[in-house]
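Here is the naming used below: chain letters follow the sequence lines, and residue numbers restart at 1 for every chain. Quick note: numbers below take in every heavy atom, side chains included, and nothing from hydrogens, waters or symmetry partners.
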Amino acid sequence: MRATDIKRLSLYLLFAPFALWILLLILLPHAGMMYISLREKVAPRVYEFGFENYINFFNEPIYWNTLIRTGSMSLLVTFLALLLGFPIAYYIAKIAGNRSRGALFLMCLIPLWVSDLIRAFGWILLLRETGVISSSLQWVGLIGTPIEFLYNDAAVIMGLVYTVILFMIVPLVSTLDGMDKSLIEAGYNLGGNGPTVLRRIIIPYAMPGIVAGCIVVFMLTAGSYLTPILLGGKNSSWFTEQIYDQFITRYNWESGAAFGFLLLAFTSIAVWLGLKLSGQTLNSTVADT
Amino acid sequence: MQSNLEYDLQCSAVKKHFGSVRAVDDVSLDIPKGSFFSILGPSGCGKTTLMRMIAGFESPDSGDIRIKGKSVVATPPNRRNVKMVFQHLALFPMMNVYENIAYGLRCNGVSKSDIRLKVHDVLERISLPDVASREITQLSGGQKQRIAIARCMVLDPDVLLLDEPLGALDLKLREAMKIELKLLQHQFDTTFVYITHDQSEALVMSDNVAIMNEGKFVQTGTPQELYHNPAEAFVAGFVGDNNRWSGKVKTVTNGIITTETKAGLTIKGSARGDVKPDVGGVVSIFVRPEFIAAKVSAKKSGKSNANNNTIDGLVDSILFNGANSRVLVRDKVGELIEADVILTGGTDDLKPNDPVRLDWSPDQTMCFVG
Ligand SMILES: Nc1ncnc2c1ncn2[C@@H]1O[C@H](COP(=O)(O)OP(=O)(O)O)[C@@H](O)[C@H]1O
Ligand SMILES: [Mg+2]
């Protein structure tokens with residue numbers, strides 16, 4: 001009896017920090033935000049319960065256009081990260097020798113050693129009108145006048161892909177690592193050529209990793225703030241910028257909170273759709289990676 | 001060596017080195033159409049490497065591989081009509097049984113309706129007609145085995161390669177699958193090349209067996225030839241059970257070699273292998289347990305041939321295993337000798353500490369130089 005009591009107590013104690021973390025850092029703030037987002041300002045300092053903040057969002061095209069733009073750009077970033085990350089992950093997991101594997105993995109981690117901000121400024125240094133790329137091209141003689149590479153969608157997408165690609169590579173490597181090489185050989189042995197083996201065997205096998213990587217990358221991208229602002233400039237039109245704007249510039253917490261929940265709902269629906277379309281469940285992707 | 005359509009698979013002087021490791025060293029083989037050929041050797045002797053070269057996953061450093069008389073060294077693996085059953089089967093886990101079998105047919109551009117026919121036909125032939133829609137994880141070990149074979153056979157290969165496919169099965173199933181594989185080979189009438197380190201698998205199933213050691217083929221022959229006429233000490237030691245001594249040659253008369261072992265036993269034997277032993281030379285001596293008769297000493301059977309080896313000793317222990325029972329006899333110098341016995345369960349059976357006389361012919365005593 002006593003032994004089980006002690007066991008139970010230690011279980012509670014072990015679980016407590018996690019429960020506190022969930023409660024204090026996730027549930028409480030969100031509950032507060034939810035409460036704020038459902039308040040309507042009827043007069044200065046007078047509030048009523050209502051959905052006006054949400055209705056405003058749908059009535060103002062600039063808001064939902066920004067959200068859709070953020071969503072589609074995030075999808076593009078996710079897709080590019082997958083396209084670039086898959087061969088890298090495949091190389092690390094299946095082709096590289098045991099010794100070079102660690103080094104390669106570490107190289108993928110390098111971007112994370114530098115803070116977001118410094119990284120973005122690094123990009124600015126390269127891409128601005130007086131930056132490294134523009135002046136080298138001038139020096140070589142390919143262009144006559146300096147060119148501004150910053151403040152366009154391409155710069156934002158490139159910066160984002162660079163930032164998030166690691167989160168694509170890690171789950172991919174861990175799923176591909178579990179794949180027996182003889183599956184690939186069997187694929188060739190039974191008459192498949194390279195593309196067939198990739199399409200019918202490697203990709204289906206890696207699907208849980210692909211989906212997990214895409215979910216993480218999509219969420220990170222849609223919720224990122226610094227990179228789009230710094231590389232995209234004033235007209236980057238990223239939805240997090242709208243939220244920031246509502247909270248800080250306009251001091252309209254009600255609307256900002258509502259936007260925050262809309263972003264959460266939007267990304268959740270996108271992830272749910274992705275899972276449905278790829279035939280995966282959240283469980284299978286988490287368990288397999 | 002000429003290329004000949006009688007042979008489904010030929011290798012000539014195939015070599016493969018990994019750094020300083022000679023994985024496959026100068027191997028030549030000719031496998032006749034429709035036969036069951038085994039390559040038997042200890043782990044690490046290069047069996048898998050040889051098979052991977054035949055399948056096209058490794059290219060030989062030198063030598064030639066021909067399938068149905070045509071050299072395939074430059075042919076990529078997916079264009080060779082050689083199919084392979086992998087050591088861990090390598091069934092595709094994300095496809096069900098039907099899709100696994102259909103995969104190869106689809107790669108060959110077979111039409112949908114033909115695929116359906118062929119898959120059901122091959123499932124019928126391996127006597128698993130109802131598993132088409134099962135997932136791979138829902139199959140038993142033996143069923144997976146058969147699906148892996150069916151997946152290859154549906155493509156009608158010239159040669160089927162099997163790399164220790166029974167290794168992962170439990171003993172009982174392994175015994176059953178041995179017989180089944182042999183029957184499947186008959187039924188499909190395709191050349192099987194079977195790799196194993198388990199001598200009983202090779203002996204039971206094969207028409208011909210090649211014994212491989214350290215990258216080289218030591219001897220090729222029918223299971224009976226290998227068992228009764230091994231060409232080298234390695235073959236004698238590797239195929240079948242043995243009592244084994246090392247001895248010095250005392251005299252050689254009329255083909256009978258009289259030797260004395262280190263412990264002081266005198267054993268008469270016959271020379272085997274290419275090199276004949278000289279007086280004073282060292283030989284390895286092998287005697288199979290089934291050729292040694294163990295009789296209770298008190299019963300004078302008296303019929304023993306004067307030339308035979310006879311050794312008196314005490315029964316140390318009985319290894320009961322039904323029809324394959326053995327007795328361990330401790331001889332006067334203290335070594336244990338293994339002999340087959342028939343145990344009927346009656347009172348005449350040998351018991352520990354019974355005095356026994358071991359008796360066997362010099363013809364059954366194989367002596368190899370070295
Ligand atoms: N890809 C490889 N690289 C280096 N050495 C290898 C490779 N494949 C096999 N070997 C070596 O070649 C030898 C034969 O291996 P293998 O053909 O797998 O033996 P078996 O299948 O008979 O157990 C072993 O010593 C093994 O270490
Ligand atoms: Mg092997």
task: Let me know if B/Phe92 has heavy atoms under 4.5 Å from chain A in its side chain, its backbone, both or neither.
output: both
statement: Taken to the nearest 0.5 Å, the spacing of A/Ser182 OG from B/Gln87 CD works out to 9.0 Å
field: A/Tyr225 atom OH, neighbour heavy-atom count above 12 within 6.0 Å
entry: yes
- prompt: Between atom CG of B/Leu91 and atom CG of A/Asp180, what is the distance when rounded to the nearest 0.5 Å?
  reply: 11.0 Å
- request: Taking the side chain as every heavy atom from C-beta outward, state whether A/Met207 and B/Met94 have any pair of such atoms under 4.5 Å apart.
  value: no
message: Looking at B/Lys15, I'd like to know if its NZ atom is crowded, meaning that more than 12 non-hydrogen atoms belonging to other residues, nucleotides or ligands lie closer than 6.0 Å.
response: no
task: Could you look at B/Met84 and say if it's the side chain, the backbone, both or neither that has a heavy atom under 4.5 Å from chain A?
output: both
Portion of B/Val85 that has a non-hydrogen atom of chain A nearer than 4.5 angstrom: neither
field: Option in B/His88, B/Arg52, B/Glu99 with maximal non-hydrogen atom pairs under 4.5 Å from chain A
entry: B/Arg52
message: Quick check on B/Arg22: does its CZ atom have over 12 non-hydrogen neighbours (other residues, nucleotides or ligands) under 6.0 Å away?
response: no
- line: Residues of residues 189-205 of chain A with a heavy atom under 4.5 Å from any heavy atom of chain B, in residue-number order, are A/Asn189, A/Leu190, A/Gly191, A/Gly192, A/Asn193, A/Thr196, A/Val197, A/Arg200, A/Ile201, A/Pro204, A/Tyr205
- request: Using a cut-off of 6.0 Å, state whether more than 12 heavy atoms not belonging to B/Arg116 lie near its atom CZ.
  value: no
message: What part of B/Arg106 gets within 4.5 angstrom of chain A, counting heavy atoms only: side chain, backbone, both, or neither?
response: side chain
B/Lys178, NZ atom: more than 12 neighbouring heavy atoms under 6.0 Å: yes
